[in-house]
Amino acid sequence: MVKVIHATYDGTVLLPEETLPFEPNTPLHIVVADDRVEVAPTSFLDTTASLNLEGPKDWSSNLDQYVYGCRIRESAG
């Protein structure tokens, strides 16, 4: 079972904010994350630029061909 438990460290022990669904002396694997650490959000464009993707030079002008395998007909208008 995996359960997220919010707790406070008092310098000696972790004090959970809720009653735990475990019997006393139950062995547990604990992963700890510091809630005080804030990660600055990254924009979608910054993320995609950091991927260093490579593709054909005509990618944007022929996107339909690369995505769908053929050109999509332009609407007669």
Problem - Residue list, side-chain hydrogen bond (donor to acceptor under 3.5 Å, both in side chains) with D46, at least two apart or on another chain - result: S43

Exercise for the section: Give every residue pair that meets the side-chain hydrogen bond (donor to acceptor under 3.5 Å, both in side chains) criterion with at least one member in residues 14-23, sequence neighbours excluded. Expected result: K3-E18

Exercise for the section: Flag yes if L15 and Y9 sit in one hydrophobic cluster, no otherwise; membership is Ile, Leu, Val, Met, Phe, Trp, Tyr, and two members link when side-chain heavy atoms are under 4.5 Å apart. Expected result: no

Problem - Other cluster members, V31 - Ile/Leu/Val/Met/Phe/Trp/Tyr, side-chain contacts below 4.5 Å - result: none

Measuring from atom [atom1] of [X] to atom [atom2] of [Y], what distance do you get when rounded to the nearest 0.5 angstrom?
X	Y	atom1	atom2	answer
L20	L28	CG	CG	8.0 Å
Y66	S60	OH	OG	10.0 Å
S50	N52	OG	CG	7.0 Å

Handout entry: Residue pair T48 / L45: nearest heavy atoms and the distance that separates them
Key = OG1-O, 3.0 Å

Handout entry: Nearest heavy-atom neighbours spanning P16 and A7
Key = CA-CB, 3.7 Å

Exercise for the section: Taking the side chain as every heavy atom from C-beta outward, state whether L53 and W59 have any pair of such atoms under 4.5 Å apart. Expected result: no

